[in-house]
Amino acid sequence: MNQKLKVGILGGTGMVGQRFITLLENHPWFEVTTIAASPRSAGKCYEEAVGNRWKMDTSMPESVKNIEVMNVNEVEAVASKVDFVFSAVDMSKEEIKAIEEAYAKTETPVVSNNSAHRWTPDVPMVVPEINPEHMKVIDFQKKRLGTTRGFVAVKPNCSIQSYAPVLTAWKEFEPYEVVATTYQAISGAGKTFQDWPEMEGNIIPYIGGEEEKSEKEPLRIWGEIKDGVIVPATSPIITCQCIRVPVLNGHTAAVFVKFRKQPTKEQLIEKLKSFSSIPQELNLPSAPKHFIQYLEEDNRPQVSEDVNYENGMGISVGRLREDSIYDWKFIGLSHNTVRGAAGGAVLCAELLKAQGYITEK
C-alpha cells in the first residue's frame, strides 16, 4: 500500500487507547492521525492530556505527542479527518452504543474494544482466526444503519482468549461441557500496581460481569449468520469463575473439558500445533505465525515466560492431562491487553481491510 489509512483512536488517553497507539506505531497499513477523548482532554496535545498516566512499558511514540486531542463527542469533526476509528471510550454501555453508531452513520467504520455492541445481533464479534466469516453480517447492518461504508465491528472479551481458541481447535472432537476458571491480570481493569497497590499480594474472587461474558461470548463466536443476524451456538455449555490476581499482564485459565468423541492426547496436541486460519493465510501484519503453542514442561505456561509469545498475539497451552471426572484438562494463557484487547481489534481491522470493508474515504 502506498498510502496508509488514516486512523482515529476514540478514548485514546486510557490504557487500551495507549495500547492501540503503541501497537500502531510503524504499522505498515495504518497511521494514527487523530486522537479523541473526553472534553477535559480536548484542545491539549496528547502528551499533556495523558500527563503522568502513561501506563505502557515502552515510551510514548514521538509521532503522537503533539497531536491535538479532539472532543470525542464532536462526531462529525473527528470523523471528517479519518478513514476509520478504533473505539476504547470509557462511558456507560448505552452511551457507547449511541456514539459508536453515530460514528458509523458518518460512513466511518468503527472497530471497537468495548462490550456495548457485542450482543447487537447484526454486529460481528470476531476473533479473526475463529470466525472471520461473521464479518459478512456487516452487509445487513449497513442496511439497518442506512450506510454504504459505515459499520461497527467488535472483538470479544479478553477473558475468553486463553481457552476459546483451544476449544475451536478441538471442534471435531465435539466438546460439550466446559468448566473454566480464569486468573485475570490487573491491566484488564485498566490498572497498574502503582495505581492499585491493594492488589499486591492479593486475590479478588469477583470481576463484575466477567463470568457471564466468559460463559456466553464463545457461543456467539461459534454461531452462524441466519436471516441477517448472528445466532449463537448452543454447545458446549460453559461455566466459569473469574478471579483477579496480582499480575500486570496475562490472563491464565484452568479448563476442564468433556468430549462426545474420545481424542488421544497426541491428537489434541497436534490440533493445537497445526491450528491456522485466514489471518495466517493472508499474512496479516499483526497475525501470529503460529497461533497456539503447546508447552511440554510441567510448569508452563507462565506469565513471566510466555505472555509475550508471538508479540502477545499467540496463545500458550500446557499441562494437558486426563481428568478423573472430566475427560481432559489444560492451562491456557493469553495477553489480555494485546490479543485480548487492542491487538485483537487491530487484527480485526486488518482482516476488514483485506476483506474490502475498510477502505480510504
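For this chain, numbers begin at 1 and follow the sequence in order. In this text, all values refer to a predicted model and were calculated from it rather than measured experimentally.
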What's the spacing between Trp328 CH2 and Asp323 CG if we round to 0.5 Å? 10.5 Å
Inspect the contact between Arg339 and Glu129 and indicate whether a charged nitrogen and a carboxylate oxygen are less than 4.0 angstrom apart. yes
Would His27 and Glu350 count as having a side-chain donor-acceptor pair, cut-off 3.5 Å? yes
Donor-acceptor pair, side chain of Lys361 and main chain of Val82, under 3.5 angstrom: yes
Determine whether the side chains of Thr33 and Lys4 contain a donor N or O and an acceptor N or O closer than 3.5 Å. no
Please step through side chain to side chain contact (heavy atoms under 4.5 Å, CB included) for the pair Lys142 and Arg144, ending with a clear verdict. CA-CA 5 Å; Lys142 287 178 180 176; Arg144 174 175 64 85; over 6 Å; no
Scanning both residues in full, the closest heavy-atom pair of Pro279 with Leu347 reads CB-CD1, 4.4 Å
Cut-off 3.5 Å, side chains only: do Lys289 and Asn283 have a donor facing an acceptor? yes
I'd like to know if Lys65 pairs up with Glu62 as an ion pair, taking the criterion as any Lys NZ or Arg NE/NH1/NH2 lying under 4.0 Å from an Asp or Glu carboxylate oxygen. yes
Please say yes or no: joined through hydrophobic side-chain contacts below 4.5 Å, possibly via intermediate residues, are Val307 and Val245 part of one cluster? yes
Would you please test Glu310 and Gln293 for side-chain hydrogen bond (donor to acceptor under 3.5 Å, both in side chains) and show each step? CA-CA 10 Å; Glu310 289 279 14; Gln293 69 167 343; over 6 Å; no
If you apply the rule side-chain hydrogen bond (donor to acceptor under 3.5 Å, both in side chains), what do you find for Glu211 with Ser214, and how did you get there? CA-CA 5 Å; Glu211 288 161 356; Ser214 302; over 6 Å; no
Spatial distance of atom CG (Asn157) from atom CD (Glu215) [nearest 0.5 Å]: 12.0 Å
Examine distances only and state if a side-chain atom of Tyr103 and a backbone atom of Phe151 form a donor-acceptor pair shorter than 3.5 Å. no
State whether the side chain of His290 and the backbone N or O of Ser274 hold a donor-acceptor pair below 3.5 Å, judged by distance alone. no
Would a distance-only check, ignoring hydrogens and angles, find a side-chain to backbone donor-acceptor pair under 3.5 Å from Asn113 to Ser87? no
Does Glu47 use its side chain to pair, donor to acceptor, with the backbone of Asn66 at less than 3.5 Å? no
Does a side-chain heavy-atom distance below 4.5 Å link Ile9 with Val85? no
For the residue pair Phe20 and Phe86, does the interplanar ring angle fall in the parallel (under 30°), tilted (30 to 60°) or perpendicular (over 60°) class? parallel
Take Ile230 and Met125, measure what side chain to side chain contact (heavy atoms under 4.5 Å, CB included) needs, and give me the verdict at the end. CA-CA 9 Å; Ile230 306 292; Met125 179 174 72; over 6 Å; no
Quick one: does Met15's side chain get under 4.5 Å of Thr192's, heavy atoms only? yes
Within-4.5 Å side-chain heavy-atom neighbours: Val257 and Lys329: no
Does Asp306 come within less than 4.0 Å of Arg300, counting only side-chain N to carboxylate O? yes
According to a hydrophobic-cluster definition based on side-chain heavy atoms being under 4.5 Å apart (Ile, Leu, Val, Met, Phe, Trp, Tyr only), do Val317 and Leu320 belong together? yes
Tyr183 versus Val247: any side-chain heavy-atom pair under 4.5 Å? no
Taking a hydrophobic cluster as the set of Ile, Leu, Val, Met, Phe, Trp and Tyr residues connected by side-chain heavy atoms closer than 4.5 Å, whether directly or through intermediates, do Leu23 and Tyr309 fall within one such cluster? no
Checking Glu217 against Arg118 for the salt bridge (charged side-chain N to carboxylate O under 4.0 Å, His left out) test, could you report, in this order, the C-alpha distance in whole Å, the side-chain angles of both residues, the deciding distance, and whether it holds? CA-CA 8 Å; Glu217 287 188 14; Arg118 287 184 192 151; 3.1 Å; yes
Does atom CZ of Arg40 have more than 12 heavy-atom neighbours, drawn from other residues, nucleotides or ligands, at distances under 6.0 Å? no
Tell me whether Val255 is reachable from Leu219 by hopping between hydrophobic residues (I, L, V, M, F, W, Y) whose side-chain heavy atoms are closer than 4.5 Å. yes
Scanning both residues in full, the closest heavy-atom pair of Ser187 with Thr337 reads OG-CG2, 3.5 Å
Face-on cation placement of Lys258 at Tyr326 ring, 6.0 Å and 45° thresholds: yes
Is any NZ, NE, NH1 or NH2 atom of the basic residue among Glu360 and Arg149 found under 4.0 Å from an Asp or Glu carboxylate oxygen of the other? no
Within 6.0 Å of CG in Asp227, more than 12 heavy atoms from elsewhere: no
Check whether any side-chain N or O of Thr120 sits under 3.5 Å from a backbone N or O of Val123 as a donor-acceptor pair, and report yes or no. no
Looking at Leu333, Thr182, Asn336, which one forms a side chain to side chain contact (heavy atoms under 4.5 Å, CB included) with His251? Asn336
Flag if over 12 foreign heavy atoms under 6.0 Å of NZ, Lys265: yes
State whether the number of non-hydrogen atoms from other residues, nucleotides or ligands found under 6.0 Å of Asp90 atom CG is greater than 12. no
Any side-chain heavy atom of Gln280 within less than 4.5 Å of one from Ser277? yes
Is the terminal nitrogen or CZ of Lys353 (NZ for Lys, CZ for Arg) located under 6.0 angstrom from the six-membered ring centre of Trp29 and within 45° of that ring's axis? yes
If you look at every heavy atom in Leu295 and Ser316, which pair is closest and at what distance? CD1-CB, 4.2 Å
Residue of the set Tyr294, Trp170, Phe256 for which side chain to side chain contact (heavy atoms under 4.5 Å, CB included) holds with Phe330: Trp170
Donor-acceptor check, side chain of Arg244 to backbone of Ala185, threshold 3.5 angstrom: yes or no? yes
Are any of the side-chain nitrogens in Glu95 or Lys97 under 4.0 Å away from the carboxylate oxygens of its partner? no
Looking at Glu107 and Ala104, would you say the former's side chain and the latter's main chain have a donor-acceptor pair under 3.5 Å? no
Do side-chain atoms of Gln161 reach the backbone of Ser334 as a donor and acceptor pair under 3.5 angstrom? no
Supply the atom-to-atom distance His117 NE2 to Asp122 CG, rounded to the nearest 0.5 angstrom. 9.5 Å
So do Lys191 and Pro197 actually touch side chain to side chain, heavy atoms under 4.5 Å? no
Taking all non-hydrogen atoms of both residues, which atom of Val111 and which atom of Ile358 are closest, and how far apart? CG2-CD1, 4.1 Å
Looking at every heavy atom in both Pro236 and Trp222, which two are closest together, and how far apart are they? CD-CZ3, 3.5 Å
I need the Thr108 OG1 to Asp83 CG distance, nearest 0.5 Å. 8.5 Å
Indicate whether the side chain of Glu210 and that of Gln184 have a donor and an acceptor atom separated by less than 3.5 Å. yes
For the residue pair Ala153 and Leu352, what are the closest heavy atoms and their distance? CB-CD1, 4.1 Å
Linked, directly or transitively: Met60 and Val32 (ILVMFWY side chains, under 4.5 Å): yes
So, does Gln18 use its side chain to make a donor-acceptor pair with the main chain of Lys55 at under 3.5 Å? yes
CD-CD distance between Glu305 and Gln302, expressed to the nearest 0.5 angstrom: 5.5 Å
To the closest 0.5 Å, what do you measure between CG (Asn131) and NZ (Lys136)? 12.0 Å
